[in-house]
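Have a look at the structure below, then the notes.
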There are 2 protein chains.
Amino acid sequence: MNRDKQPKRTTIYDLAELAGTSASAVSAVLNGNWKKRRIGSQLAEKITRLAEEQGYAVNMQASLLRREKSKIIGMIVPKYDNRYFGSIVETFENMARQRGLFPIVTCTRRDPELEIEAAREMLSYQVEWVVSTGATDPDRVTDLCAASGVRSLNLDLPGSKAPSVISDNFAGARELTRRVLLNHERKLGHKSPLLFIGGRGSDHNTSERVKGFLAAHAEMEITVHQHHILTCGYAPEKADDALSALAQAEGSVPMGMFVNSTISLEGVMGWIRRSGHYSTIAPTLGCFDWDPFVALLCDDIQMVRQDVPAMLSSVFDIIDNGAKTTSLIEIPPVFVTSP
Amino acid sequence: MNRDKQPKRTTIYDLAELAGTSASAVSAVLNGNWKKRRIGSQLAEKITRLAEEQGYAVNMQASLLRREKSKIIGMIVPKYDNRYFGSIVETFENMARQRGLFPIVTCTRRDPELEIEAAREMLSYQVEWVVSTGATDPDRVTDLCAASGVRSLNLDLPGSKAPSVISDNFAGARELTRRVLLNHERKLGHKSPLLFIGGRGSDHNTSERVKGFLAAHAEMEITVHQHHILTCGYAPEKADDALSALAQAEGSVPMGMFVNSTISLEGVMGWIRRSGHYSTIAPTLGCFDWDPFVALLCDDIQMVRQDVPAMLSSVFDIIDNGAKTTSLIEIPPVFVTSP
DNA sequence: CTTTCTTGCTCAATCGATGGAGCAACAATT
DNA sequence: AATTGTTGCTCCATCGATTGAGCAAGAAAG
């Protein structure tokens with residue numbers, strides 16, 4: 001039925017000609033306000049039918065140029081290589097669509113330059129909001145957006161210039177540490193400190209988690225060695241290298257660890273397996289993040305799952321209803337295994 | 001320096017006024033063809049400086065409306081909940097950016113209606129290409145795109161109306177099955193067939209993998225029971241339920257399995273753990289897909305990793321150089337563990 | 001001193017959709 | 001018969017960037 005060779009896409013002008021009417025009538029019908037524009041229902045039906053037949057799709061570029069609001073919402077995200085960010089993106093897309101917004105997501109691989117580049121590109125597309133997820137330098141993104149009058153907010157890692165929604169890292173880490181310490185004591189028959197590994201010492205989440213880690217130790221009157229806080233970065237190899245170096249330096253191997261993310265856990269598990277030091281007794285582990293296979297396959301591990309649905313509800317609540325730029329919303333994470 | 005309250009974004013007209021020149025001069029300078037347009041270098045510098053100062057960002061909607069090419073490339077993807085699709089998206093974004101294309105990715109949760117909806121939305125944004133990844137009904141997407149003169153291609157699951165890039169499912173599955181069967185024989189002391197679980201019987205990949213699975217059995221002269229091919233769908237619960245039902249019906253439990261994806265593997269592992277039937281001897285497993293934690297934590301498993309970089313190189317080769325609409329490119333997957 | 005080039009810019013149409021303003025035609029009211 | 005209202009449209013400016021065409025001023029050539 002349709003023209004097979006369509007060198008150009010169908011426009012409202014094409015439809016207007018086919019229907020023997022004007023472009024504005026077509027426009028009015030196709031975006032649903034034909035009653036307000038007093039278009040007759042017969043003409044409306046005819047236009048709708050023709051649009052269907054011709055496979056018409058509105059040219060958003062033209063439409064958005066004319067409109068005042070773009071209804072585009074952008075998100076930058078560090079990686080797609082773990083369940084946490086994966087579920088953030090999936091939930092974000094769903095909730096945006098539910099609100100009639102068009103989500104644009106881009107992955108910036110923890111590279112501050114790429115973050116800025118991506119934000120700039122989103123501004124060009126006239127986004128109405130930018131959500132910076134786990135951004136290395138969220139305030140720079142906020143500044144850039146503010147200069148164009150675009151609102152932004154931070155997710156996962158907080159900034160100081162836009163509202164931020166994050167996990168309650170301190171409380172989560174303290175509780176996680178407490179549980180792992182109890183496990184550990186049960187296993188060893190005596191109290192013993194854990195090793196903290198993964199994350200960047202400079203980022204807010206890691207430093208809060210370290211505080212929670214230390215607080216839990218203090219509450220149980222266990223002393224932690226300063227050099228057992230290894231905030232070596234997020235990449236698996238970094239955790240692996242840090243553990244090798246530590247084992248080398250100390251001549252012994254940690255028996256209990258607080259691992260700061262699943263991505264660091266990959267490195268930790270790789271090292272555990274290769275090191276050969278754990279054949280008689282498995283280490284007691286805790287991980288600030290969740291992965292289904294780890295939950296299924298690993299016995300001596302406690303995990304917390306960051307509450308992605310609650311976090312994104314909070315994000316969209318701010319988008320729908322506003323919030324003070326300085327507000328910091330902390331969402332309690334969920335404990336996956338029983339205490 | 002900048003105006004703090006910027007009710008509207010800066011346009012080339014604002015810059016033209018500030019520079020005491022015309023909008024076309026500004027446009028020429030800012031998109032780099034000012035030499036062709038014979039704009040003096042002093043004026044060019046002045047405009048560049050002003051644009052910087054004002055935090056100018058081009059309005060893509062306006063720019064794209066005027067241009068002939070949008071440089072936008074769309075991808076639809078089923079889920080972000082596994083490493084395979086995660087790495088597809090990440091690689092896709094990188095390679096698109098390298099070519100100066102703007103990637104738009106959207107997740108359609110294996111829902112055919114959402115796939116079409118998303119494709120339609122992408123067409124509105126004037127995408128030049130649509131890549132359908134793991135689409136339930138790729139030909140419908142292709143038809144929709146073709147009606148607007150937009151090229152498309154299929155990734156992961158093939159279609160008949162656009163070029164398709166997929167894994168070599170038959171060869172991969174045959175080799176995987178062969179390895180698992182050898183493992184299994186070594187362990188049991190005698191030959192024994194495997195169970196096939198996961199995926200949709202109606203999809204091309206699953207049916208090719210079943211063929212490879214059967215071929216490997218045939219080569220080793222092992223008989224497979226027809227009702228041991230459980231193509232129950234991809235969701236973890238489905239695999240779990242199918243195994244429960246089978247165990248119930250047969251009064252016994254499979255000791256070797258070919259699992260069709262990591263997402264099905266989640267269900268399989270959950271069932272294995274809960275069933276209590278594997279306390280004395282662990283099942284021998286193979287998985288057509290890869291996950292780092294499974295590789296690290298599970299001993300008796302063989303995995304194949306689909307070659308995402310090669311697949312996407314192929315995709316962009318088609319985008320850069322074209323291909324016949326009927327072409328089907330099969331990329332050999334990579335074996336992660338040694339045979 | 002005229003003609004021809006070159007340089008450095010500006011003008012105005014254009015892309016497709018939108019919506020305020022306005023214009024016929026007819027109906028209803030005074 | 002004249003006024004007012006209603007219905008069903010169309011006209012046209014507009015959004016911001018791009019680009020072919022063209023115009024002045026000065027330099028070079030004849």
Side-chain angles (χ1 to χ4, degrees), chain A residues 6-47 50-51 54-72 123-126 128 148-149, chain B residues 6-47 50-51 54-72 123-126 128 148-149:
Chain A
Q6 229 163 350
K8 295 214 164 269
R9 341 254 280 223
T10 316
T11 70
I12 51 168
Y13 297 93
D14 301 330
L15 293 178
E17 192 159 7
L18 285 168
T21 184
S22 71
S24 47
V26 175
S27 170
V29 169
L30 294 180
N31 58 45
N33 55 6
W34 52 282
K35 267 173 234 162
K36 265 164 253 162
R37 302 269 304 169
R38 296 189 318 226
I39 304 293
S41 54
Q42 305 170 49
L43 180 57
E45 259 173 66
K46 185 177 181 184
I47 289 171
L50 276 168
Q54 301 292 316
Y56 172 81
V58 68
N59 181 328
M60 274 296 172
Q61 262 74 51
S63 178
L64 294 181
L65 178 58
R66 192 53 176 51
R67 279 159 130 80
E68 70 302 345
K69 316 201 82 193
S70 75
K71 299 265 187 185
I72 302 179
L123 291 178
S124 282
Y125 281 92
Q126 314 299 110
E128 293 181 15
S148 297
Chain B
Q6 230 165 348
K8 294 212 165 272
R9 339 252 283 222
T10 316
T11 71
I12 51 169
Y13 298 93
D14 301 330
L15 293 178
E17 189 157 10
L18 285 168
T21 181
S22 71
S24 46
V26 174
S27 171
V29 169
L30 294 180
N31 58 46
N33 55 5
W34 52 282
K35 266 174 233 159
K36 266 163 253 164
R37 302 268 307 170
R38 295 190 317 228
I39 305 294
S41 53
Q42 305 170 50
L43 180 57
E45 261 173 65
K46 186 177 181 185
I47 289 172
L50 277 168
Q54 300 293 316
Y56 171 81
V58 67
N59 181 327
M60 273 296 171
Q61 262 76 49
S63 178
L64 293 182
L65 179 57
R66 192 51 175 60
R67 279 159 129 81
E68 70 304 343
K69 318 201 81 191
S70 75
K71 300 263 187 188
I72 301 180
L123 291 178
S124 283
Y125 281 92
Q126 314 299 109
E128 293 181 14
S148 297

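Per chain, numbering begins at 1; letters A, B, ... match sequence-line order.
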statement: Whole-Å distance, Met60(A) CE to dG16(D) P, equals 18 Å
message: One pair to check against side chain to side chain contact (heavy atoms under 4.5 Å, CB included): Arg9(B) and Leu123(A). What are the steps and the verdict?
response: CA-CA 10 Å; Arg9(B) 339 252 283 222; Leu123(A) 291 178; 4.2 Å; yes
message: Categorize Arg37(B) for me: base, sugar-phosphate, or nothing, with a 4.0 angstrom heavy-atom threshold over every strand shown.
response: base
Between P of dT18(C) and CD1 of Ile47(A), the distance in whole Å: 13 Å
Under 3.5 Å, which donor-acceptor pairs link side chains of residues 23-36 of chain A to any protein atom two or more places apart or in another chain?
from: Ser24(A); atom 1: OG; to: Ser22(A); atom 2: OG; distance (Å): 3.3
from: Asn31(A); atom 1: ND2; to: Ser27(A); atom 2: O; distance (Å): 3.1

message: Check whether Ser124(B) reaches the backbone of Met60(A) with its side chain - one donor and one acceptor, N or O, closer than 3.5 Å.
response: no
- prompt: Do Gln126(B) side-chain atoms and Asn59(A) backbone N/O form a donor-acceptor pair below 3.5 Å?
  reply: no
- request: Provide, to the nearest angstrom, the distance between the CD atom belonging to Glu45(B) and the P atom belonging to dG8(C).
  value: 14 Å
message: Using whole Å, what does the distance between atom P of nucleotide dG16(D) and atom CZ of Arg9(B) come to?
response: 10 Å
- request: Take the protein atom CD1 of Ile39(A) and the nucleotide atom P of dA17(C), then report the distance between them rounded to whole Å.
  value: 16 Å
message: Looking at dA17(C), I'd like to know if its phosphate oxygens (OP1 or OP2) sit under 4.0 Å from a side-chain N or O belonging to Tyr56(A).
response: yes
field: Nucleotide dG16(C), atom P - distance to OH of Tyr125(B) in whole Å
entry: 18 Å
d(CG, Leu65(B); P, dG16(D)) in whole Å: 12 Å
Would you tabulate the nitrogen or oxygen pairs shorter than 3.5 Å linking the protein to nucleotides 3-7 of chain D?
none

message: Expected output is a numbered-order residue list: members of residues 21-34 of chain B with a heavy atom under 4.0 Å from any atom of DNA chain C. What is it?
response: Thr21(B), Ser22(B), Ser24(B), Ala25(B)
- prompt: Would you say the base of dT14(D) and the side-chain of Arg66(A) have a donor-acceptor pair closer than 3.5 Å?
  reply: yes
